[in-house]
Amino acid sequence: GMKVRGESKSDVAKAIEDVAKILNLTEYLDRKPSALSGGQRQRVAIGRAIVRDPDVFLFDEPLSNLDAKLRVDMRVEIKQLHRRLKTTMVYVTHDQVEAMTMADRVVVMRDGKIEQAASPIALYDEPDNMFVASFIGAPSMNMIEGKLVPTEDRLIFKSSAGFDIAVPENRQTVLMPYAGEEFVLGIRPEHTSEATPERAHVQMTVIDVEPLGSHTLAIGTVGDSKFTAQFNSKTAVKPEQQVGVSFDEERLHFFKKSDGRAVR
């Protein structure tokens with residue numbers, strides 16, 4: 001690119017030297033592309049952009065063809081590069097982990113429209129709608145349909161699966177105007193735990209168990225709804241069992257069934 005623009009050989013050499021140092025490519029400058037690893041080729045592509053000294057970098061799924069370990073390494077390298085260059089980077093990805101770990105601000109889009117724009121933690125803790133809630137987080141947020149029903153002293157969520165959950169005290173006021181309406185209760189797997197029957201919020205039918213070392217995922221159903229719970233790594237739960245699941249009530253999400261919007 002610098003040659004095409006007619007820049008001097010000395011300027012080209014200096015720019016290559018500087019960028020090679022930034023990207024740790026100095027020892028590979030005499031290699032052909034075929035002799036470079038996938039991660040090194042990605043760094044070369046980034047270097048070609050850096051020497052143009054752009055006002056904004058556009059990354060269009062740059063890590064999609066790399067293996068899992070290399071993607072992790074390149075995420076770190078791009079973040080370090082961003083801190084060094086202090087230049088705006090617009091990064092397009094379908095990988096929510098990349099979005100959550102790399103971005104200062106995430107714009108979640110669907111069908112060409114912005115669903116929500118916020119910091120990664122805000123998207124995770126306070127999704128504006130069911131689409132954002134289910135897109136951010138892995139495994140995806142559990143969704144259970146039901147209705148908000150008022151009782152003598154409080155509001156409860158009466159699910160279509162046949163169980164009732166008392167709406168937390170700090171949500172009573174904001175949700176009371178919607179009493180009688182169809183709602184969807186959302187709870188992330190990491191905000192669940194294995195429980196004794198008397199302390200459980202729901203009974204789950206386990207279909208499969210995925211041990212992940214630090215924890216175990218129990219995958220199954222609650223009524224007709226698919227449900228994933230996160231248990232201690234030493235859980236004895238097996239497929240085809242019934243198990244009690246409790247929620248962190250402070251981490252419940254409530255969405256209007258009519259339009260999917262969050263009420264909080």
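On a predicted model such as this, the values are computed, not experimentally measured, just so you know. For reference, positions follow the sequence shown, starting with 1.
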Over all atoms of both residues, closest heavy-atom pair of Phe255 and Ala133: CZ-CB, 3.6 Å
Where Leu175 and Val263 come nearest, the two heavy atoms and their spacing: CD2-CG1, 3.6 Å
Considering all heavy atoms, the nearest Val149-Lys158 contact: CG2-CB, 4.0 Å
Check: Ile78 and Leu63 side chains under 4.5 Å, non-hydrogen atoms: yes
Salt-bridge present (Arg75, Glu98; N to O < 4.0 Å): no
Heavy-atom check, side chain of Arg154 versus side chain of Glu169, under 4.5 Å: yes
Value rounded to 0.5 Å, distance of CG in Asp248 from NE2 in His191: 6.5 Å
Closest approach of Ala117 to Val107 (non-hydrogen atoms, all atoms of both residues): CB-CG2, 4.0 Å
Presence of salt bridge, Glu7 and Lys3, under 4.0 angstrom: no
Summary of side chain to side chain donor-acceptor pair (under 3.5 Å) pairs that have at least one residue in residues 177-190, sequence neighbours excluded: Tyr124-Glu190
Arg71 bridged to Asp67 by N-O distance under 4.0 Å: no
Test item: Tyr28 and Val44 side chains (from C-beta on) under 4.5 Å apart, heavy atoms: no
Ser246 and Arg199 side chains, donor-acceptor separation under 3.5 Å: no
Residue pairs involving residues 221-239 (criterion side chain to side chain donor-acceptor pair (under 3.5 Å); sequence neighbours excluded): Glu194-Thr235
Side-chain H-bond candidate by donor/acceptor type, Asn129 with Glu115, under 3.5 Å: yes
Least distance between heavy atoms, Phe157 atom then Ile144 atom: CZ-O, 3.4 Å
